[in-house]
S.K.: 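Before I ask anything, let me first share the structure, which is written out below as structure tokens.
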Amino acid sequence: MKAKVVHKGPVISCAQKDGVEMLRAEIREEDPLQRAAEHTSINVIFFGTLAKDFSQSARQGDVVLLTDFTIKKSPSFLRDRLHPCQLEMDGDSACVYAKYTYVSLNKLKPKTVVNVYGVVTFFKQPFPSKGSDYCSTLKITDQSDVKVGCNIFSKKLEDHPVIFRAGDIIRLHRFKTDVFRDSMSLLNTYGWSTVTFDGKTDSPVVPRTSSKSFHFEESDKRMVQELRQWAANQSWISSDLTVTLSSVQPGMYFDLTCQLLAKAVMDSRCILLKVWDGTKCQHPLLNVAVASDALEGESTVAKDRMNLTANVLVYDNHLEVARDLKPGTFLRFYNLHAYLQRAPDQLPDQPDHLSFHLHGGTSYGRGLRSLPAESPDLQSLKSALDKHVDLDENDEVNDGTLLEIWYTPPEAVVLPNDEETDAEADTGPSYTVRTCEHNSQRLTLARVKRSTPPLSCHVRARVKRYKPQQLYQCLKLFCSNCKTMIDVPDDSAVSKVFRESAKDNQPCDEQWAATSSASSREPGRTISMHISRDMVGESTHMQLIFVEGTTLDEICVLSRDYKNLVPVRSVNGRMTLLDLTAPFLFSGDKRYYGCKRCSLNTFQNPVFTGVETWDEQSVAEALGVQLMQYRLLIQFELEDKTDTLEALLWENAEKFFHVSAVDASGSQDLQDKIQTIMDTIQPPDSSLEEHPWLDLCLSVYAVKDNDRNQVCYQIANTEIREE
DNA sequence: GCTTAGGATTGG
């Protein structure tokens, strides 16, 4: 039997049936043709759990289907004149179905209770009303193309419809119609419920509701699919383009689907949400500095550096939702406002940064909500995030990795194409001058840190500190073959090698050499000098002399008078180079070292012909020694108003100081010059404000270190300004 | 079993 519920009584206890619960309802024939007939209403008695269920779920006005009832004589017929019979719903097989009929939105009559289906064209997340409840405001439409406003009031947030975006489909049960401003509107009324569905035609029809019980059957699925199909051909829904961080433009109000990385309470009216969607913003993103102990969630430093982190300031009424979000949650902002903002510490000629504000109020549906991780809307977001799995925050620079950079010379610097920007020339005084020809953008250090290598850029910064503080340690020996870098051995180590070699030394006797010997002051130690017989009579005569049995001091004295001195020792009468801890060549003020790893030591049969002028390179070649180069290496801790940054002075060091490393190795004057420059850049016992500004060209590049990319900064194309 | 809101940008 199909009929409308016209009356529903309370659940009472039946004394005649051992106190079992029962409920009386009156139902009436729905068919209009039957209405004129007699006895179109009849009583139904529900027993047991059926009574309770009916009481809870059925409402006056509902259409219900009853099956497997028993027809009994009505004991109240004489009194109510309703029907001589009544229907009794009892036992396992009796069943009652609610029969929902859905009204097209253009057929709504005022002041009626209806069920409708619609596509959501506008919605606001629930907000506190001025009364006692939260209010959801939405607008829906259907195939009739009529738009109907709808308000839903409920104290419980979880009872409100779960709408993720315009285009979602919603089913409303038991909503009361009324006229407002010449249009029909809907308001939830007793026993109301809502169910929503994703609006995409190809996604599965999965009802979203928090209702304890709701009816959902094949006919519902059909309704949803028909509405989806219709909506797909409507321009207002198909124009719904998704905005990502990579496509957002200044001034936009837009919806952002993203993942929460970290959050911090700024004040009583503002929460900062650090989010990302895996896409890189075209504009530099504003970073909002927060003390790390005030931040809940992971550090975003690596993502900041790659311009992946959006800092969203969430205000006022949205705090209630934002407060409860946990880092890692997927969420969507509605009507998020992006605009360019000047960072408080930003230099004048820098581009403005993109900031994000979820302003107070609910205009235009402004708000935010978390999205379930399995939401079909998250598929593209998740695949974008997956592309950054290597972005482990453990990559953050720490002291250990800094040390490694310090002792491991970086690989060749990759200079990218110049950024086509038109930065203004610097006006303030700088102790340095850039010599590069490119016109790269000038960036703050904070911005440099967020950039993605490789990159060439300009910065203006002061040197806060530098390493090594003992400047003589900045002079290094570098093997261009195996990239080994070592400190220049100190005199005590070198002099020890000489003493060991001179001990119990018998002059060596080589066929290729002419030798002269003399006794030293110490008994038993003979000093010998050898010249290649090949060279005798040539112009190179006396250019290259092999010295045996001297101390370090003695060979230094000798080197005042002879151009190239190679210290040697005798092993079983054969001439051999000293341990390569010692220089293999003394040349005037300079000492040259060989690489222990790469030197072949072909000294056994040296060839000394065909050389016009002997220098360290030709000597090294003749002896089978891999010559090590002198290099300068200093690490600057740069600072500007935005950040600090450790930058190496390495490839460009000699140009920077206008000093050659090898010359400095033998010249106190040049070493003093470097010291003077450093004392100007970073005056001893001075505050940072007293340090001069430096205009610097910076190379940002990645170095593979234990299979991990380490970002390095090197000062390039920059020189000291010498008056 | 009343009332709430009834779309329409903050101004940080």
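Quick note: numbers below take in every heavy atom, side chains included, and nothing from hydrogens, waters or symmetry partners. Just so it is clear: chains get the letters A, B, ... in the order the sequence lines come, proteins before strands, and each one is counted from 1.
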S.K.: Reckon Gly149(A) touches a base, only the sugar-phosphate, or nothing at all at heavy-atom distances under 4.0 Å?
M.R.: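 Result for Gly149(A) = nothing.
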S.K.: Find which nucleotide of DNA chain B each of Gly365(A) and His357(A) is nearest to by heavy atoms, and output the residue with the more 5' nucleotide.
M.R.: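 Result of the comparison: Gly365(A).
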S.K.: Assuming nearest nucleotide by heavy-atom distance, tell me which of Tyr339(A) and Lys147(A) is located more 5' along DNA chain B.
M.R.: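 Taking each residue's closest nucleotide, the earlier one in sequence belongs to Lys147(A).
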S.K.: For nucleotides dT10(B) and dG6(B), find the distance between their C1' atoms and express it as a whole number of Å.
M.R.: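 It comes out at 23 Å once rounded to the nearest Å.
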S.K.: Should the pair Asp178(A)-Lys111(A) be classified as a salt bridge under the 4.0 Å nitrogen-to-oxygen rule?
M.R.: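 Yes, Asp178(A) and Lys111(A) are salt-bridged.
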S.K.: Students often get this wrong, so: under 4.0 angstrom with heavy atoms, is Cys135(A) touching a base, only sugar-phosphate, or nothing?
M.R.: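 Sugar-phosphate: the residue Cys135(A), judged by heavy atoms under 4.0 Å, touches backbone atoms but no base.
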S.K.: Report yes or no: do Asp304(A) and Thr300(A) form a side-chain donor-acceptor pair below 3.5 Å?
M.R.: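 Judged by distance alone, the side chains do pair up.
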S.K.: Nucleotide range of DNA chain B contacted by chain A, 5' to 3', under 4.0 Å to a heavy atom?
M.R.: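 In short, chain A contacts DNA chain B from dG1(B) to dG12(B).
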S.K.: Report the residue from Asp90(A), Leu50(A), Ile12(A), Val11(A) that forms a side-chain contact (heavy atoms from CB on, under 4.5 Å) with Met22(A).
M.R.: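 Only match with Met22(A) under side-chain contact (heavy atoms from CB on, under 4.5 Å): Ile12(A).
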S.K.: In terms of side-chain geometry, is the basic nitrogen of Arg174(A) or Asp62(A) positioned less than 4.0 Å from the acidic oxygen of its partner?
M.R.: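 Judged by the 4.0 Å cut-off on N to carboxylate O distance, Arg174(A) and Asp62(A) do form a salt bridge.
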S.K.: With sugar-phosphate meaning primed atoms plus P, OP1 and OP2, does Arg181(A) contact a base, only sugar-phosphate, or nothing at under 4.0 Å between heavy atoms?
M.R.: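 Counting heavy atoms under 4.0 Å across all strands, the contact made by Arg181(A) is with sugar-phosphate only.
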S.K.: Applying the side-chain contact (heavy atoms from CB on, under 4.5 Å) test to Ile27(A), which of Val6(A), Asn43(A), Val44(A) qualifies?
M.R.: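 Only one option passes, and that is Val44(A).
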S.K.: Base, sugar-phosphate or nothing for Lys139(A)? Non-hydrogen atoms, less than 4.0 Å.
M.R.: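 Base contact - Lys139(A) has a heavy atom under 4.0 Å of at least one base atom.
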S.K.: Step through the shown structure and confirm whether more than 12 heavy atoms of other residues, nucleotides or ligands are within 6.0 Å of NZ on Lys200(A).
M.R.: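 Correct, the count exceeds 12.
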S.K.: dG1(B) and dA5(B): how far apart are their P atoms, nearest whole angstrom?
M.R.: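 Here dG1(B) and dA5(B) have their P atoms 22 Å from each other.
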S.K.: Heavy atoms under 4.0 Å, any strand shown: does Tyr190(A) hit a base, just sugar-phosphate, or nothing?
M.R.: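 Base contact.
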